[in-house]
There are 2 protein chains.
Amino acid sequence: MLTRGKLATETGCNIETIRYYENIGLIPAPDRTASGYRSYNEEHLRRLNFIQRARALGFTSDRIQGLLELTDAEGSHTRADVKSLTEAHIDEITEKIRDLQQIKRRLRQISSFCDGSSESATSCPILESLFEDSNGSR
Amino acid sequence: MLTRGKLATETGCNIETIRYYENIGLIPAPDRTASGYRSYNEEHLRRLNFIQRARALGFTSDRIQGLLELTDAEGSHTRADVKSLTEAHIDEITEKIRDLQQIKRRLRQISSFCDGSSESATSCPILESLFEDSNGSR
DNA sequence: CTAAACCCTGTAACTGGTACAGAGTCAAGC
DNA sequence: GCTTGACTCTGTACCAGTTACAGGGTTTAG
């Protein structure tokens, strides 16, 4: 029905990435034509779109795998499972944001020590604060 | 003066990572003892500490390379150069934070659609919103 | 019928390291 | 002076998460 190239243009996914997803088991291996070409169906399209959207939301492939397994195994999993996976992800993102904000504060601070003048870089307070044992880092 | 292992414990850097930094040119190749052991000096220690601190602040090795070159080439670079590299990095972090916040908002939104009940995951609104063509994503 | 455009496979590249095997070396204890 | 254990040396392979490319076969359009 769909060749690999068609699936790629349809989903916006790189054509090689599709093969990679098959290798790591994110996408089931499709049927092959007589000559060995991969033949994808609507379900593959749906699944790859899912993966693309989940990736855009920063889910790791492990967690995407987990989400997809919840949809595969019929009946045995609950909405609570899905929600807890999602919320674990939200928590991770929150933490990442907090880390980045702290780094940014520290960078702003050390940047403010430097006047940005045309003086030699060797005596620049930014570099010095990176060379010296820092008091307020991390 | 310092063996590779001493430098590693002194800086908290993994011993293999030191060799890696030498390979990619972040750290200059040290002198060797008669038997071929690497012999580091105070300057290497200083430089590796610099790298560790810059990494902790999220600088990529390219940019760390850039910062270190500013200190190496005497006189030809200015504080303004250092400051602009630092501010470019701050801008990148700002952007990353913004992206993550947007992702988080979207995740909160789709998570709120789901009651987290013990009903089957297959009809879970979170999964559905990942499968369907999303209106408000990205 | 031919040429372009596609697909197949395996494999290497990328970043930022980490790890391991097999060989040599150093320092301490007996 | 010799052994043992801890260290170091080199090259190489591995992780995620792709991307790219070489060298071959296939399909499709003109």
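Values reported hereafter were calculated over all heavy atoms of this structure, with side chains retained and with hydrogens, waters and symmetry mates removed. Note that the coordinates shown come from a computational prediction; the quantities given were computed from them, not determined experimentally. Naming: A, B, ... by sequence-line order, numbering from 1 per chain.
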Inset, instruction - Group every Ile, Leu, Val, Met, Phe, Trp and Tyr by side-chain heavy-atom contacts under 4.5 Å, then state whether A:Leu26 and A:Ile15 land in the same group. - result: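 A:Leu26 does not cluster with A:Ile15.
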Legend entry - Verify same cluster id: A:Ile24, A:Phe50 (apolar side-chain graph, 4.5 Å):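 Same cluster.
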Could you state the [atom1]-[atom2] distance from [X] to [N], rounded to the nearest angstrom?
X: B:Arg4; N: C:dT18; atom1: CZ; atom2: C1'; value: 12 Å
X: A:Asn14; N: D:dA16; atom1: CG; atom2: P; value: 19 Å
X: B:Met1; N: D:dT8; atom1: CE; atom2: P; value: 16 Å
X: B:Asp62; N: C:dC14; atom1: CG; atom2: P; value: 12 Å
X: B:Arg63; N: C:dT15; atom1: CZ; atom2: P; value: 14 Å

Inset, instruction - Applying side chain to side chain contact (heavy atoms under 4.5 Å, CB included) between A:Thr11 and each of A:Leu48, A:Thr17, A:Ile51, report the one that passes. - result: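 The residue from A:Leu48, A:Thr17, A:Ile51 that satisfies side chain to side chain contact (heavy atoms under 4.5 Å, CB included) with A:Thr11 turns out to be A:Leu48.
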Legend entry - Along DNA chain D (nearest heavy atom to each residue), the more 5'-positioned of B:Thr3 and A:Ser61: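 On the 5' side of the pair lies B:Thr3.
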Inset, instruction - For DNA chain C, find the residues of residues 15-27 of chain A with a heavy-atom distance under 4.0 Å and give them by number; none if there aren't any. - result: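 Residues of residues 15-27 of chain A that come under 4.0 Å of DNA chain C are, in numerical order, A:Ile15, A:Arg19.
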Inset, instruction - List in numerical order all residues of residues 28-37 of chain A for which some heavy atom is under 4.0 Å away from an atom belonging to DNA chain C. - result: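 The answer is A:Arg32, A:Gly36, A:Tyr37.
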[atom1] of [X] to [atom2] of [Y]: how many Å apart, nearest 0.5 Å?
X: B:His44; Y: B:Leu2; atom1: NE2; atom2: CG; value: 10.0 Å
X: A:Ile126; Y: A:Gln109; atom1: CD1; atom2: CD; value: 11.5 Å
X: A:Arg108; Y: A:Ile103; atom1: CZ; atom2: CD1; value: 13.5 Å
X: A:Arg4; Y: A:Leu7; atom1: CZ; atom2: CG; value: 10.0 Å
X: B:Glu43; Y: B:Ile27; atom1: CD; atom2: CD1; value: 10.5 Å
X: A:Tyr40; Y: A:Arg47; atom1: OH; atom2: CZ; value: 12.5 Å

Legend entry - Salt bridge present between A:Glu16 and A:Arg19 (N-O < 4.0 angstrom):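 Here A:Glu16 pairs with A:Arg19 in a salt bridge, since their nearest N and O are under 4.0 Å apart.
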Legend entry - Any A:Arg38 side-chain nitrogen or oxygen under 4.0 Å from OP1 or OP2 of C:dC7: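 No, outside the criterion.
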Legend entry - Residue pair A:Leu67 / B:Leu127, side-chain heavy-atom distance below 4.5 Å: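 Contact flag for A:Leu67/B:Leu127 side chains = yes.
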Inset, instruction - Work out how much the helix from C:dC1-D:dG30 to C:dC30-D:dG1 bends between its end axes, five pairs an end, to the nearest 10 degrees. - result: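 Comparing the first five pairs with the last five, the axes sit 20° apart.
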